[in-house]
Amino acid sequence: MYKIIDGKKVASEIKKEIAEEVIKLKAAGKKIPHLAAILVGNNGSSETYVANKVKDCNEVGFKSTLIRFWNEVEETVLLGKIAELNNDQDVDGFIVQLPLPAHISENKVIEAIDPRKDADGFHPVNIGKMVIGLSGYLPATPYGIVELIKRYSIETSGKNCVVIGRSNIVGRPVSILLSQKGMDATVTVIHRRTKNIKDIVRNADIIIAAIGSPAFVKEDMVKEGAVVIDVGTTRVISHETKSGFKLVGDVDFEKVAPKCSYITPVPGGVGPMTRVSLLRNTLMAAKKI
Ligand code: BQF
């Protein structure tokens, strides 16, 4: 029988640990961690993600600030706000919610963030530190995935790990973390131009699916006993939920789960860990000032 990796439960345990640490910081007269978030436009998913990040801050006792711009905001205005947050002594860390409208360069925006306040861990300085194994802020989703693997004592050393997807925020960085000393996995990154995808994935002890293509991973691609980590969060219309939407993963869960030793659900798997990683990065930023 397969085991479900309960990201929601682990995330709530970590939130408790963080909340306790905030109480200690307060008692010691130290600064309360403060996360700011910039939201551009009114994309439904982004609205939800940011609202939940603010809620998480409240839950653990962090201060939070939400800064909103309309969809048509000029890039220079956004960069000006980032410079302001970089210089704001009260703000420990901040994020700019992605994706951004097409007329704004995500790369320019990310590079404008002070790496010391880069709570999402997307700045090239933090990515570079991660690559060479120096401590810095880790990208939230890869950080969450590694933490889940550790808390479930899943063996990674010498295992064949196949990462499906090469995005800057998930596939590429998680492949780097898993191949590092300590994790010691043998990692293969595959993408839209990869040949013989099925044969490669079928050989994996650990599959990390991060492409945003619902039910892409089918049962005939999964080895008996594999660990499957589903990072997909595609929002589809649903009549079963009161919001009118539901999240679906990159894995055909019902068919794949019976072949697995461990599998993450969507929702309730990696997503809650992504959110908690942002809190961990913010706490680290607050302790450094
Ligand atoms: C869950 C994100 C694509 C593009 C931009 C919990 C989240 C998602 C799912 C969440 C995501 C995805 C976030 C669940 C943040 C993860 O229970 O399954 C939480 O909030 N995420 C984001 O901020 O920007 C994105 C995915």
Side-chain angles (χ1 to χ4, degrees), residues 4-15 35-60 62 64 66-68 71 93-102 104 106-107 109-110 113 118-122 137-148 164-174 208-216 228-236 238 240-243 245-251 253 257 263-282:
I4 297 226
I5 298 177
D6 191 342
K8 200 171 169 194
K9 184 171 129 225
V10 175
S12 99
E13 284 163 13
I14 296 175
K15 272 198 271 185
L35 175 71
I38 300 179
L39 174 59
V40 179
N42 55 3
N43 172 282
S45 302
S46 294
E47 293 266 1
T48 305
Y49 294 148
V50 171
N52 284 330
K53 290 168 189 181
V54 168
K55 192 175 108 216
D56 288 337
C57 285
N58 294 334
E59 257 180 61
V60 299
F62 287 6
S64 67
L66 174 56
I67 299 143
R68 302 194 62 143
N71 198 65
F94 65 97
I95 64 160
V96 180
Q97 179 66 39
L98 301 182
L100 288 168
I104 294 172
E106 288 188 356
N107 285 336
V109 162
I110 290 168
I113 298 170
D118 174 30
D120 261 336
F122 293 162
Y137 304 108
L138 295 175
T141 302
Y143 192 11
I145 292 169
V146 165
E147 189 63 29
L148 266 187
I164 310 174
R166 54 179 159 180
S167 72
N168 288 344
I169 62 173
V170 185
R172 178 88 31 65
V174 82
I208 298 186
I211 44 175
S213 172
F216 177 87
V228 173
I229 310 282
D230 190 351
V231 193
T233 53
T234 306
R235 200 184 202 217
V236 298
S238 166
E240 299 150 38
T241 60
K242 54 176 189 282
S243 68
F245 298 102
K246 67 172 178 180
L247 287 183
V248 296
D250 290 345
V251 177
F253 185 93
I263 185 165
T264 64
V266 175
V270 172
M273 294 300 292
T274 298
R275 272 162 56 185
V276 103
S277 299
L278 180 63
L279 298 175
R280 297 174 91 190
N281 280 343
T282 305

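Order of listing sets the numbers, starting from 1, for every ligand and every atom in it.
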* Asked: If you draw a 6.0 Å radius around NZ in K8, do more than 12 non-hydrogen atoms from other residues or ligands fall strictly inside?
  -> no

Reported [atom1]-to-[atom2] distance for the pair [X] and [Y], which is rounded to 0.5 angstrom:
X	Y	atom1	atom2	value
R280	L278	CZ	CG	12.0 Å
T141	D120	OG1	CG	8.5 Å
N43	R235	CG	CZ	7.5 Å

* **Element-labelled atoms of ligand 1 that are located less than 4.0 Å from some non-hydrogen atom of P267** => 1 (C), 17 (O), 18 (O)

* What are the two closest heavy atoms between S46 and L98, and how far apart are they? -> OG-O, 3.9 Å

* To do: Identify the heavy atoms of G269 and T264 that sit nearest to each other, and give their distance.
  => CA-CB, 4.2 Å

* Go through the steps to decide whether N42 and R68 satisfy the test side chain to side chain contact (heavy atoms under 4.5 Å, CB included), and finish with yes or no. => CA-CA 9 Å; N42 55 3; R68 302 194 62 143; 4.3 Å; yes

Protein contact of [atom] - nearest heavy atom, named by residue and atom, plus distance:
atom	answer
atom 20 (O) of ligand 1	Y49 CD2, 3.1 Å
atom 26 (C) of ligand 1	T233 OG1, 3.6 Å
atom 1 (C) of ligand 1	G268 N, 3.4 Å
atom 24 (O) of ligand 1	Q97 NE2, 3.0 Å
atom 14 (C) of ligand 1	G271 CA, 3.4 Å

Any heavy atom of [X] sitting closer than 4.0 Å to ligand 1?
X	result
L98	yes
K53	yes
L247	yes

* To do: Decide yes or no on side chain to side chain contact (heavy atoms under 4.5 Å, CB included) for V109 and E106, but give the supporting numbers first.
  => CA-CA 5 Å; V109 162; E106 288 188 356; 5.6 Å; no

* To do: Could you say whether the N/O atoms of P272 and ligand 1 ever approach to under 3.5 Å?
  => no

* Asked: So is there a nitrogen or oxygen of R275 less than 3.5 Å from a nitrogen or oxygen in ligand 1?
  -> no

* Exercise check, heavy-atom protein proximity under 4.0 Å to atom 4 (C) of ligand 1 -> no

